[in-house]
Amino acid sequence: MFTVKSTRDLDSQIYKDALTIRKIVFVGEQNVPIELEIENEAEAIHFVGYKDDKPVVTARTIVEDSETWHIQRVATIKDVRGQHLATDILMFIEGFATVYDIKYLTLGAQDQAQNFYKKLGYEIEGEGFMDAGIPHHTMVKTIEGA
């Protein structure tokens, strides 16, 4: 069974689960400095996907403006990659965003993940950039029905 929970509470178990996943994936696997990984935590809504009650995928959103949320820190535990759980959490976030009349989702996609986001309807916008030593591009999706 797969469920998604969200929080803004940095003392909650949901946030702690999100941070655990991000430390494993970004800090451990990709060598992102922890101080970069935990920037702007209080501004975000943190989402965690649980498979059989185990935290396995995470993402967070930050408000850009009244119509736009910026998705960040999308990460999946290695053991469950390939099971479409990142797709599931992003689709959950998209549905969640519609409740708040959000029309656009943006993200800074690692270049190696661009095709994944393209399959979900995101389009590359602008020039590439480096973040934590990793090449990225901004990608944008217009939410259906928005």
Side-chain angles (χ1 to χ4, degrees), residues 2-51 55-78 80-81 83-146:
F2 181 75
T3 58
V4 177
K5 298 178 183 177
S6 65
T7 189
R8 289 182 176 268
D9 180 0
L10 300 185
D11 292 321
S12 72
Q13 187 60 49
I14 298 166
Y15 172 72
K16 291 173 186 172
D17 291 342
L19 192 55
T20 297
I21 294 168
R22 289 168 41 200
K23 284 180 179 177
I24 291 167
V25 174
F26 294 122
V27 178
E29 294 176 19
Q30 298 183 356
N31 298 312
V32 174
I34 187 67
E35 60 274 8
L36 292 178
E37 184 51 37
I38 60 171
E39 289 179 324
N40 307 315
E41 295 292 83
E43 298 174 30
I45 303 171
H46 302 270
F47 297 86
V48 177
Y50 296 85
K51 184 172 181 181
V56 292
V57 62
T58 190
R60 73 179 195 180
T61 60
I62 293 182
V63 174
E64 279 191 14
D65 59 44
S66 64
E67 296 185 328
T68 310
W69 280 359
H70 185 73
I71 297 173
Q72 300 177 315
R73 310 304 197 269
V74 180
T76 305
I77 295 293
K78 189 179 250 179
V80 296
R81 290 183 191 153
Q83 297 180 26
H84 309 288
L85 300 176
T87 297
D88 292 343
I89 200 168
L90 288 169
M91 296 310 293
F92 179 90
I93 290 169
E94 187 173 321
F96 193 84
T98 63
V99 173
Y100 294 92
D101 295 322
I102 298 303
K103 294 176 177 46
Y104 307 100
L105 297 173
T106 66
L107 50 84
Q110 292 183 9
D111 284 2
Q112 55 86 17
Q114 284 178 15
N115 287 334
F116 165 73
Y117 292 111
K118 284 180 182 178
K119 289 177 187 173
L120 295 176
Y122 289 83
E123 297 177 0
I124 295 173
E125 185 175 273
E127 299 295 318
F129 61 94
M130 297 295 284
D131 188 11
I134 301 168
H136 287 68
H137 277 80
T138 297
M139 297 186 81
V140 180
K141 179 175 184 176
T142 301
I143 298 177
E144 292 294 318

J.: Any idea which heavy atoms bring Met139 and Ala109 closest together, and the distance?
T.: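 The answer is SD-CB, 3.5 Å.
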
J.: Residues in side chain to side chain donor-acceptor pair (under 3.5 Å) with Tyr50, at least two apart?
T.: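 Asp17.
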
J.: Residues two or more places apart in sequence or in another chain: which of them pass side-chain contact (heavy atoms from CB on, under 4.5 Å) with Ile24?
T.: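 Ile24 satisfies side-chain contact (heavy atoms from CB on, under 4.5 Å) with Thr20, Glu29, Ile77 only.
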
J.: With sequence neighbours excluded, what pairs up with Glu94 under the side-chain contact (heavy atoms from CB on, under 4.5 Å) test?
T.: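 Once residues adjacent in sequence are excluded, the partners of Glu94 under the side-chain contact (heavy atoms from CB on, under 4.5 Å) criterion are Met91, Leu105, Lys141, Ile143.
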
J.: Restricting to side chain to side chain donor-acceptor pair (under 3.5 Å), what partner residues turn up for Thr76, sequence neighbours left out?
T.: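 Listed in chain order: nothing, the list is empty.
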
J.: What's the shortest heavy-atom distance between Ile62 and Ala44, and which atoms?
T.: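 For Ile62 versus Ala44, the nearest heavy atoms are CG1-CB, 3.9 Å.
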
J.: Measure the spacing between NZ of Lys51 and CG of Leu85 and express it to the nearest 0.5 Å.
T.: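 Nearest 0.5 Å value for the NZ-CG distance: 6.0 Å.
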
J.: Can you tell me how far apart CG (Leu107) and CD (Gln114) are? Round to the nearest 0.5 Å.
T.: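 It is 10.0 Å, given to the nearest 0.5 Å.
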
J.: Enumerate the ring-ring contact (aromatic ring centres under 6.0 Å, His included) contacts for residues 16-37, please, sequence neighbours excluded, ordered by first and then second residue.
T.: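 The answer is none; no pair qualifies.
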
J.: Which residue pairs pass the salt bridge (charged side-chain N to carboxylate O under 4.0 Å, His left out) test when at least one of the two sits in residues 5-15, sequence neighbours left out?
T.: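 The answer is none; no pair qualifies.
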
J.: Assess the residue pair Val32 and Ile134 against the criterion (side-chain contact (heavy atoms from CB on, under 4.5 Å)); give the C-alpha distance rounded to whole Å, side-chain angles, the decisive distance to 0.1 Å, and a yes or no.
T.: CA-CA 9 Å; Val32 174; Ile134 301 168; 4.2 Å; yes

J.: Determine whether Leu19 and Ile38 make a side-chain contact, defined as any pair of heavy atoms from C-beta on separated by less than 4.5 Å.
T.: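 Yes, at least one pair of side-chain atoms sits under 4.5 Å.
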
J.: NE2/His46 to CD/Gln72 distance, rounded to the nearest 0.5 angstrom?
T.: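 So the NE2 of His46 and the CD of Gln72 are separated by 9.5 Å.
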
J.: What residues form a side-chain contact (heavy atoms from CB on, under 4.5 Å) with Asp65, not counting sequence neighbours?
T.: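 Residues passing side-chain contact (heavy atoms from CB on, under 4.5 Å) with Asp65: Glu67, Thr68.
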
J.: Return each pair, listed once, that meets salt bridge (charged side-chain N to carboxylate O under 4.0 Å, His left out) where at least one residue sits in residues 105-114; pairs must be two or more places apart or across chains.
T.: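 Sorted result for residues 105-114: empty, none.
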
J.: Looking only at heavy atoms, which two atoms of Ser6 and Ile45 are closest? And how far apart?
T.: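 Looks like CB-CG2, 4.1 Å.
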
J.: Applying side-chain contact (heavy atoms from CB on, under 4.5 Å), can you list everything that pairs with Phe116, at least two apart in sequence or on another chain?
T.: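 Partners of Phe116 by the side-chain contact (heavy atoms from CB on, under 4.5 Å) criterion, ordered by chain and then number, come out as Ala86, Thr87, Leu90, Leu120.
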
J.: Run the side-chain contact (heavy atoms from CB on, under 4.5 Å) check on Val4 and Asp88 step by step: do they pass?
T.: CA-CA 9 Å; Val4 177; Asp88 292 343; 5.9 Å; no

J.: Please evaluate residues Ile71 and Tyr117 with respect to the criterion side-chain contact (heavy atoms from CB on, under 4.5 Å), reporting the C-alpha separation (whole Å), side-chain torsions for both, the decisive distance (0.1 Å), and the verdict.
T.: CA-CA 12 Å; Ile71 297 173; Tyr117 292 111; over 6 Å; no

J.: For residues 31-41, pull every pair meeting salt bridge (charged side-chain N to carboxylate O under 4.0 Å, His left out), keeping only residues two or more places apart or in separate chains.
T.: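 Pairs touching residues 31-41 that pass the test: Arg22-Glu37, Arg22-Glu41, Glu37-Arg73, Glu41-Arg60.
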
J.: Measure the spacing between CD1 of Ile93 and CZ of Phe47 and express it to the nearest 0.5 Å.
T.: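 Rounded to the nearest 0.5 Å, the CD1-CZ separation comes out at 4.5 Å.
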
J.: Scan the side chains in residues 123-130 for donor-acceptor partners under 3.5 Å anywhere in the protein, sequence neighbours excluded, and list what turns up.
T.:
none

J.: Just verifying a value: how many Å separate Leu10 CG and Ile14 CD1, rounded to the nearest 0.5 Å?
T.: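 So the gap between those two atoms works out to 12.0 Å.
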
J.: Show the nearest heavy-atom pair for residues Gly49 and Ile89, with the distance to one decimal.
T.: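 Closest approach of Gly49 to Ile89: N-CD1, 3.6 Å.
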
J.: After noting the C-alpha distance and the side-chain angles of Trp69 and Val63, does the key distance pass the side-chain contact (heavy atoms from CB on, under 4.5 Å) rule?
T.: CA-CA 5 Å; Trp69 280 359; Val63 174; 3.6 Å; yes

J.: Tell me the closest heavy-atom pair linking Pro55 and Ile21, and the distance in Å.
T.: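 Reported closest heavy-atom pair: C-CD1, 3.8 Å.
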
J.: Using the six-membered ring wherever Trp is involved, compare the ring planes of Phe96 and Tyr100 and label them parallel, tilted or perpendicular (cut-offs 30° and 60°).
T.: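 If you compare the ring of Phe96 with that of Tyr100, the planes turn out tilted.
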
J.: Could you grab the distance from atom OH of Tyr122 to atom OG1 of Thr138, nearest 0.5 Å is fine?
T.: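 Here the interatomic distance stands at 12.5 Å.
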
